[in-house]
A.B. asks: 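Once you've had a glance at the structure underneath, I'll fire off some questions.
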Amino acid sequence: IGELEGKSKALGTVMDDAAQRTGKPKGKRKVHFDSGIFECPVYDRDHLPIDEILAGPLVIEERVSTTIVHPGDRVRLTARGPILIEVGAA
């Protein structure tokens with residue numbers, strides 16, 4: 001199989017170069033929550049900066065899933081790869 005550079009996302013380590021992680025939204029989308037309809041920034045998970053805290057509401061998209069962060073919640077991508085959401089933290 002050979003050696004891999006870095007570790008697989010499946011193994012829990014983010015592979016992308018930090019320079020690619022701009023943290024800028026790729027667009028906006030209207031999302032309906034219990035508290036109303038919000039125009040939410042949409043982020044590409046592969047471009048989220050590591051350990052930067054973002055406040056909801058927002059949407060994080062990736063190839064196989066979408067993560068919705070509600071108003072009043074905060075989210076950050078860890079260096080190992082998981083997304084951590086703090087409910088009611090913002």
Side-chain angles (χ1 to χ4, degrees):
I1 295 176
E3 285 189 30
L4 297 174
E5 286 186 29
K7 295 183 180 178
S8 163
K9 286 183 184 178
L11 296 177
T13 301
V14 179
M15 292 176 62
D16 295 339
D17 180 17
Q20 295 176 348
R21 299 186 165 276
T22 63
K24 295 179 183 176
K26 66 179 188 177
K28 292 184 179 182
R29 177 181 303 157
K30 288 184 180 179
V31 180
H32 186 269
F33 297 95
D34 289 341
S35 57
I37 298 172
F38 292 82
E39 184 85 13
C40 299
V42 178
Y43 294 88
D44 186 331
R45 183 178 181 186
D46 290 336
H47 295 177
L48 283 177
I50 295 169
D51 287 329
E52 182 175 314
I53 296 172
L54 300 172
L58 60 93
V59 177
I60 301 171
E61 295 182 332
E62 57 185 306
R63 190 176 61 82
V64 295
S65 69
T66 301
T67 302
I68 305 296
V69 181
H70 288 249
D73 295 349
R74 296 189 316 182
V75 64
R76 72 179 173 92
L77 177 69
T78 70
R80 291 188 157 260
I83 293 174
L84 297 180
I85 299 175
E86 296 178 71
V87 177

A.B. asks: Of Ile85, Val75, Leu58, which meets side-chain contact (heavy atoms from CB on, under 4.5 Å) against Thr67?
C.D. replies: Ile85

A.B. asks: Would you give the length of the straight line joining atom CZ of Phe38 to atom NE2 of His32, rounded to the nearest 0.5 angstrom?
C.D. replies: 10.0 Å

A.B. asks: Which atom names give the shortest non-hydrogen contact between Leu77 and Pro49, and what distance separates them?
C.D. replies: CB-O, 4.1 Å

A.B. asks: Give a yes or no on whether Ile83 and Ile68 share a hydrophobic cluster (residues Ile, Leu, Val, Met, Phe, Trp, Tyr; joining criterion: side-chain heavy atoms under 4.5 Å apart).
C.D. replies: no

A.B. asks: May I ask you to decide if Thr78's main-chain N or O and Asp51's side chain share a donor-acceptor pair within less than 3.5 Å?
C.D. replies: no

A.B. asks: Locate the shortest heavy-atom distance separating Pro57 from Pro41; write the atom from each residue and the value.
C.D. replies: O-CD, 3.5 Å

A.B. asks: Run Leu48 and Leu54 through side-chain contact (heavy atoms from CB on, under 4.5 Å) and show every step you take.
C.D. replies: CA-CA 10 Å; Leu48 283 177; Leu54 300 172; 3.6 Å; yes

A.B. asks: I need the Lys30 NZ to Cys40 SG distance, nearest 0.5 Å.
C.D. replies: 11.0 Å

A.B. asks: Side chains of Glu61 and Lys26: closer than 4.5 Å at any heavy-atom pair?
C.D. replies: yes

A.B. asks: Rounded to the nearest 0.5 Å, what separation is found between the CD atom of Glu86 and the CZ atom of Arg76?
C.D. replies: 7.0 Å

A.B. asks: Locate the shortest heavy-atom distance separating His70 from Phe33; write the atom from each residue and the value.
C.D. replies: ND1-CD2, 3.2 Å

